[in-house]
Amino acid sequence: MEYQEAKDKFISTWGSLGTLWGINKAMAQIQSLLFISTKALSMEEIMEELKISRGNTSMNLRQLMDWGIVTKELIPGERKEYFTTEKDVQELARHIAKERSRREIKPVIKILKDVSSIKDDGTEKTKELIKQTKALHDLAETADAMMNKIVNQEQTWITKSLLKLIK
(Lines give C-alpha, C1' and ligand atoms only; values in the text may rest on other atoms or scores of the structure.)
Protein backbone atom coordinates (compact mmCIF):
# COMPACT_ATOMS: atom_id res chain seq x y z
CA MET A 1 0.00 0.00 0.00
CA GLU A 2 1.36 3.40 -0.97
CA TYR A 3 1.31 6.53 1.22
CA GLN A 4 -1.81 8.17 -0.28
CA GLU A 5 -3.86 4.99 -0.11
CA ALA A 6 -2.77 4.36 3.50
CA LYS A 7 -3.50 7.98 4.45
CA ASP A 8 -6.96 7.88 2.85
CA LYS A 9 -7.73 4.55 4.53
CA PHE A 10 -6.65 5.86 7.94
CA ILE A 11 -8.71 9.06 7.64
CA SER A 12 -11.76 7.16 6.39
CA THR A 13 -11.53 4.52 9.13
CA TRP A 14 -10.97 7.12 11.86
CA GLY A 15 -13.98 9.03 10.55
CA SER A 16 -16.16 5.92 10.76
CA LEU A 17 -14.91 5.14 14.27
CA GLY A 18 -15.72 8.69 15.34
CA THR A 19 -19.41 8.04 14.85
CA LEU A 20 -19.15 5.18 17.37
CA TRP A 21 -17.63 7.61 19.89
CA GLY A 22 -20.41 10.14 19.50
CA ILE A 23 -18.80 12.60 17.10
CA ASN A 24 -19.61 13.11 13.45
CA LYS A 25 -17.57 11.67 10.62
CA ALA A 26 -16.20 14.99 9.33
CA MET A 27 -15.08 16.01 12.83
CA ALA A 28 -13.17 12.74 13.25
CA GLN A 29 -11.68 13.00 9.75
CA ILE A 30 -10.42 16.55 10.39
CA GLN A 31 -8.80 15.45 13.64
CA SER A 32 -7.20 12.42 11.99
CA LEU A 33 -5.85 14.54 9.12
CA LEU A 34 -4.30 16.97 11.59
CA PHE A 35 -3.02 14.04 13.68
CA ILE A 36 -0.93 12.63 10.82
CA SER A 37 0.07 15.97 9.32
CA THR A 38 3.68 17.07 9.70
CA LYS A 39 2.63 20.73 9.89
CA ALA A 40 -0.30 22.88 10.93
CA LEU A 41 -2.96 23.08 8.21
CA SER A 42 -5.13 25.97 7.09
CA MET A 43 -8.88 25.65 6.77
CA GLU A 44 -8.49 25.70 2.99
CA GLU A 45 -5.98 22.84 3.07
CA ILE A 46 -8.34 20.79 5.26
CA MET A 47 -11.29 21.53 2.96
CA GLU A 48 -9.32 20.56 -0.12
CA GLU A 49 -7.85 17.41 1.40
CA LEU A 50 -11.16 16.09 2.76
CA LYS A 51 -13.44 17.52 0.04
CA ILE A 52 -15.77 19.16 2.57
CA SER A 53 -17.40 22.59 2.61
CA ARG A 54 -16.09 25.68 4.39
CA GLY A 55 -19.09 25.69 6.74
CA ASN A 56 -18.64 22.03 7.66
CA THR A 57 -14.91 22.54 8.20
CA SER A 58 -15.39 25.68 10.27
CA MET A 59 -18.11 24.18 12.48
CA ASN A 60 -16.13 21.00 13.14
CA LEU A 61 -12.87 22.84 13.83
CA ARG A 62 -14.71 24.97 16.39
CA GLN A 63 -16.10 21.82 18.06
CA LEU A 64 -12.67 20.18 18.10
CA MET A 65 -11.26 23.31 19.74
CA ASP A 66 -14.10 23.18 22.29
CA TRP A 67 -13.05 19.61 23.07
CA GLY A 68 -9.49 20.89 23.63
CA ILE A 69 -7.87 18.59 21.07
CA VAL A 70 -7.35 21.09 18.23
CA THR A 71 -5.65 24.45 18.61
CA LYS A 72 -4.99 27.42 16.36
CA GLU A 73 -1.38 28.02 15.53
CA LEU A 74 -0.03 31.38 14.50
CA ILE A 75 2.46 31.33 11.65
CA PRO A 76 4.47 34.56 11.37
CA GLY A 77 3.69 36.49 8.20
CA GLU A 78 0.56 34.46 7.42
CA ARG A 79 -2.96 35.91 7.52
CA LYS A 80 -4.67 32.53 7.40
CA GLU A 81 -5.49 30.58 10.52
CA TYR A 82 -3.69 27.27 10.92
CA PHE A 83 -4.74 24.32 13.02
CA THR A 84 -2.97 21.47 14.75
CA THR A 85 -3.98 18.65 17.09
CA GLU A 86 -2.47 16.92 20.09
CA LYS A 87 0.10 14.43 18.79
CA ASP A 88 0.64 12.42 21.98
CA VAL A 89 -1.85 9.54 21.84
CA GLN A 90 -2.16 9.18 25.61
CA GLU A 91 -2.63 12.92 26.11
CA LEU A 92 -5.25 12.90 23.36
CA ALA A 93 -7.05 10.05 25.15
CA ARG A 94 -6.95 12.08 28.38
CA HIS A 95 -8.56 15.10 26.72
CA ILE A 96 -11.27 12.97 25.16
CA ALA A 97 -12.00 11.04 28.37
CA LYS A 98 -12.24 14.23 30.44
CA GLU A 99 -14.51 15.91 27.92
CA ARG A 100 -16.77 12.87 27.52
CA SER A 101 -17.11 12.66 31.29
CA ARG A 102 -18.02 16.35 31.51
CA ARG A 103 -20.45 16.28 28.58
CA GLU A 104 -22.02 12.84 28.91
CA ILE A 105 -21.37 10.95 32.13
CA LYS A 106 -21.74 13.74 34.70
CA PRO A 107 -25.17 14.86 33.37
CA VAL A 108 -26.40 11.24 33.46
CA ILE A 109 -25.11 10.84 37.03
CA LYS A 110 -27.02 13.96 38.06
CA ILE A 111 -30.25 12.74 36.46
CA LEU A 112 -29.91 9.30 38.02
CA LYS A 113 -29.32 10.91 41.42
CA ASP A 114 -32.42 13.08 41.01
CA VAL A 115 -34.57 10.17 39.86
CA SER A 116 -33.33 7.77 42.56
CA SER A 117 -33.99 10.42 45.22
CA ILE A 118 -37.73 10.69 44.61
CA LYS A 119 -40.12 10.35 47.50
CA ASP A 120 -40.89 6.72 48.26
CA ASP A 121 -44.68 6.46 48.26
CA GLY A 122 -44.56 2.82 49.36
CA THR A 123 -45.68 1.32 46.03
CA GLU A 124 -43.80 -1.55 44.47
CA LYS A 125 -43.19 0.35 41.21
CA THR A 126 -41.71 3.37 43.05
CA LYS A 127 -39.46 1.12 45.16
CA GLU A 128 -38.25 -0.64 41.99
CA LEU A 129 -37.57 2.67 40.20
CA ILE A 130 -35.58 3.96 43.19
CA LYS A 131 -33.66 0.69 43.58
CA GLN A 132 -32.68 0.35 39.91
CA THR A 133 -31.83 4.00 39.28
CA LYS A 134 -29.77 4.13 42.50
CA ALA A 135 -27.85 1.04 41.35
CA LEU A 136 -27.20 2.67 37.96
CA HIS A 137 -26.21 5.93 39.67
CA ASP A 138 -23.71 4.14 41.91
CA LEU A 139 -22.26 2.20 38.96
CA ALA A 140 -21.94 5.33 36.77
CA GLU A 141 -20.38 7.31 39.62
CA THR A 142 -17.86 4.53 40.34
CA ALA A 143 -16.97 4.15 36.65
CA ASP A 144 -16.53 7.92 36.30
CA ALA A 145 -14.34 8.07 39.42
CA MET A 146 -12.18 5.20 38.12
CA MET A 147 -11.86 6.85 34.72
CA ASN A 148 -10.87 10.15 36.34
CA LYS A 149 -8.23 8.37 38.43
CA ILE A 150 -6.75 6.75 35.35
CA VAL A 151 -6.90 9.96 33.32
CA ASN A 152 -5.17 11.97 36.03
CA GLN A 153 -2.31 9.53 36.58
CA GLU A 154 1.08 9.63 34.93
CA GLN A 155 1.11 8.34 31.38
CA THR A 156 3.53 5.51 32.13
CA TRP A 157 1.27 4.38 34.99
CA ILE A 158 -1.72 4.21 32.64
CA THR A 159 0.15 2.13 30.11
CA LYS A 160 1.55 -0.26 32.73
CA SER A 161 -1.85 -0.66 34.42
CA LEU A 162 -3.67 -1.36 31.17
CA LEU A 163 -1.02 -3.85 30.09
CA LYS A 164 -1.39 -5.69 33.43
CA LEU A 165 -5.15 -5.91 32.89
CA ILE A 166 -4.70 -7.32 29.39
CA LYS A 167 -2.12 -9.97 30.30
Side-chain angles (χ1 to χ4, degrees), residues 6-114 136-166:
K7 177 181 169 182
D8 292 345
K9 191 171 196 170
F10 172 73
I11 291 170
S12 175
T13 302
W14 198 255
S16 297
L17 285 173
T19 61
L20 299 174
W21 301 328
I23 63 172
N24 71 58
K25 185 176 180 177
M27 188 174 168
Q29 288 179 323
I30 291 169
Q31 192 279 327
S32 67
L33 175 63
L34 293 171
F35 186 70
I36 62 171
S37 179
T38 57
K39 64 182 180 68
L41 299 176
S42 69
M43 185 179 304
E44 291 74 17
E45 290 170 316
I46 295 167
M47 290 166 43
E48 182 180 321
E49 182 73 39
L50 299 177
K51 310 286 188 263
I52 57 178
S53 72
R54 178 175 297 281
N56 195 5
T57 305
S58 177
M59 178 184 68
N60 284 299
L61 281 168
R62 195 173 19 236
Q63 286 181 11
L64 286 163
M65 287 187 288
D66 288 346
W67 276 71
I69 56 176
V70 166
T71 55
K72 285 183 189 179
E73 190 173 295
L74 297 175
I75 297 180
E78 288 287 334
R79 291 174 53 188
K80 293 180 184 176
E81 292 181 329
Y82 288 82
F83 302 90
T84 189
T85 190
E86 176 63 54
K87 297 289 188 168
D88 182 298
V89 176
Q90 290 185 358
E91 193 58 35
L92 184 61
R94 281 185 196 209
H95 280 291
I96 292 168
K98 283 181 181 179
E99 193 61 20
R100 290 206 66 180
S101 172
R102 185 184 73 78
R103 290 175 182 243
E104 300 164 20
I105 299 170
K106 296 235 186 296
V108 168
I109 289 171
K110 183 185 179 324
I111 290 168
L112 288 169
K113 182 177 182 179
D114 292 346
L136 280 173
H137 170 268
D138 294 348
L139 176 66
E141 203 167 56
T142 299
D144 191 45
M146 286 175 32
M147 179 58 79
N148 285 330
K149 253 189 177 164
I150 291 171
V151 164
N152 291 321
Q153 294 297 320
E154 287 295 314
Q155 292 174 355
T156 54
W157 183 88
I158 294 170
T159 305
K160 289 177 186 175
S161 296
L162 291 176
L163 288 174
K164 283 180 188 176
L165 289 172
I166 295 170

Undergrad: For Trp14, enumerate each residue passing the ring pair (Phe, Tyr, Trp, His ring centres under 6.0 Å) test, keeping only those at least two apart in sequence or located in another chain.
TA: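 Result, ring pair (Phe, Tyr, Trp, His ring centres under 6.0 Å) vs Trp14: Phe10, Trp21.
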Undergrad: Taking distance alone, no hydrogens or angles, what donor-acceptor pairs closer than 3.5 Å link side-chain atoms of residues 72-82 to residues at least two apart or in another chain?
TA:
from: Lys72; atom 1: NZ; to: Glu81; atom 2: OE2; distance (Å): 2.8
from: Glu78; atom 1: OE1; to: Tyr82; atom 2: OH; distance (Å): 3.2

Undergrad: What is the minimum heavy-atom distance between Ala28 and Gly15, and which atoms define it?
TA: CB-CA, 3.7 Å
Undergrad: To the nearest 0.5 angstrom, please state how far the NE2 atom of His137 sits from the OG1 atom of Thr142.
TA: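 It comes to 9.0 Å.
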Undergrad: For Thr13, which residues count as a side-chain contact (heavy atoms from CB on, under 4.5 Å) partner, sequence neighbours excluded?
TA: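 Lys9, Leu17.
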Undergrad: Can you tell me how far the CD atom of Glu49 sits from the CG atom of Leu34, to the nearest 0.5 Å?
TA: 10.5 Å
Undergrad: What residues form a side-chain contact (heavy atoms from CB on, under 4.5 Å) with Asn24, not counting sequence neighbours?
TA: Ala26, Met27, Asn60, Gln63
Undergrad: Return the minimal non-hydrogen interatomic distance between Met147 and Ala97, and the atom names on each side.
TA: SD-CB, 4.0 Å
Undergrad: Test of understanding: with salt bridge (Lys or Arg N to Asp or Glu O under 4.0 Å), list the residues that count as partners of Glu141, not counting sequence neighbours.
TA: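 For Glu141, no residue satisfies salt bridge (Lys or Arg N to Asp or Glu O under 4.0 Å) once neighbours in sequence are set aside.
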Undergrad: Looking at CD1 of Ile69 and OG1 of Thr84, how far apart are the two atoms once the value is rounded to the nearest 0.5 Å?
TA: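 So the gap between those two atoms works out to 11.5 Å.
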Undergrad: Can you sort out the partners of Thr85 under side-chain hydrogen bond (donor to acceptor under 3.5 Å, both in side chains), two or more places apart, ordered by chain and number?
TA: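 Residues passing side-chain hydrogen bond (donor to acceptor under 3.5 Å, both in side chains) with Thr85: Gln31.
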Undergrad: Taking side-chain hydrogen bond (donor to acceptor under 3.5 Å, both in side chains) as the test, write out the residues that go with Glu48, two or more places apart.
TA: none
Undergrad: Please determine whether the number of non-hydrogen atoms from other residues, nucleotides or ligands lying under 6.0 Å from atom CE of Met43 exceeds 12.
TA: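 Count over threshold, so yes.
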Undergrad: Closest approach of Met47 and Arg54, non-hydrogen atoms and distance?
TA: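 Shortest heavy-atom separation between Met47 and Arg54 comes out as SD-CA, 3.5 Å.
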Undergrad: Excluding sequence neighbours, so at least two apart, what forms side-chain hydrogen bond (donor to acceptor under 3.5 Å, both in side chains) with Glu86?
TA: none
Undergrad: Enter the distance from Arg94:CZ to Asn148:CG here, rounded to the nearest 0.5 Å.
TA: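 Interatomic distance, Arg94 CZ to Asn148 CG, rounded to 0.5 Å: 12.0 Å.
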Undergrad: Could you tell me which residues satisfy side-chain contact (heavy atoms from CB on, under 4.5 Å) with Ser37, sequence neighbours excluded, listed by chain and number?
TA: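 Testing Ser37 for side-chain contact (heavy atoms from CB on, under 4.5 Å), a comparison that skips the adjacent residues, returns Lys39, Leu41.
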Undergrad: Taking the side chain as everything from C-beta on, heavy atoms only, tell me whether Phe83 gets closer than 4.5 Å to Leu64.
TA: no
Undergrad: So, using side-chain contact (heavy atoms from CB on, under 4.5 Å) as the criterion, who are the partners of Arg62 when residues are at least two apart?
TA: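 Arg62 satisfies side-chain contact (heavy atoms from CB on, under 4.5 Å) with Ser58, Met59 only.
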Undergrad: Using the test side-chain hydrogen bond (donor to acceptor under 3.5 Å, both in side chains), find all partners of Asp114 that sit at least two apart in sequence or belong to another chain.
TA: Lys110
Undergrad: So, using salt bridge (Lys or Arg N to Asp or Glu O under 4.0 Å) as the criterion, who are the partners of Lys106 when residues are at least two apart?
TA: Asp144
Undergrad: For the NZ atom of Lys7 and the CD1 atom of Ile11, what is their distance to the nearest 0.5 Å?
TA: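 The CD1 atom of Ile11 is 5.5 Å from NZ of Lys7, to the nearest 0.5 Å.
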Undergrad: Shortest non-hydrogen contact from Pro107 to Ser101?
TA: CD-O, 4.2 Å
Undergrad: Hey, what do you get for CG (Leu61) to CD1 (Ile30), rounding to the nearest 0.5 Å?
TA: 5.0 Å
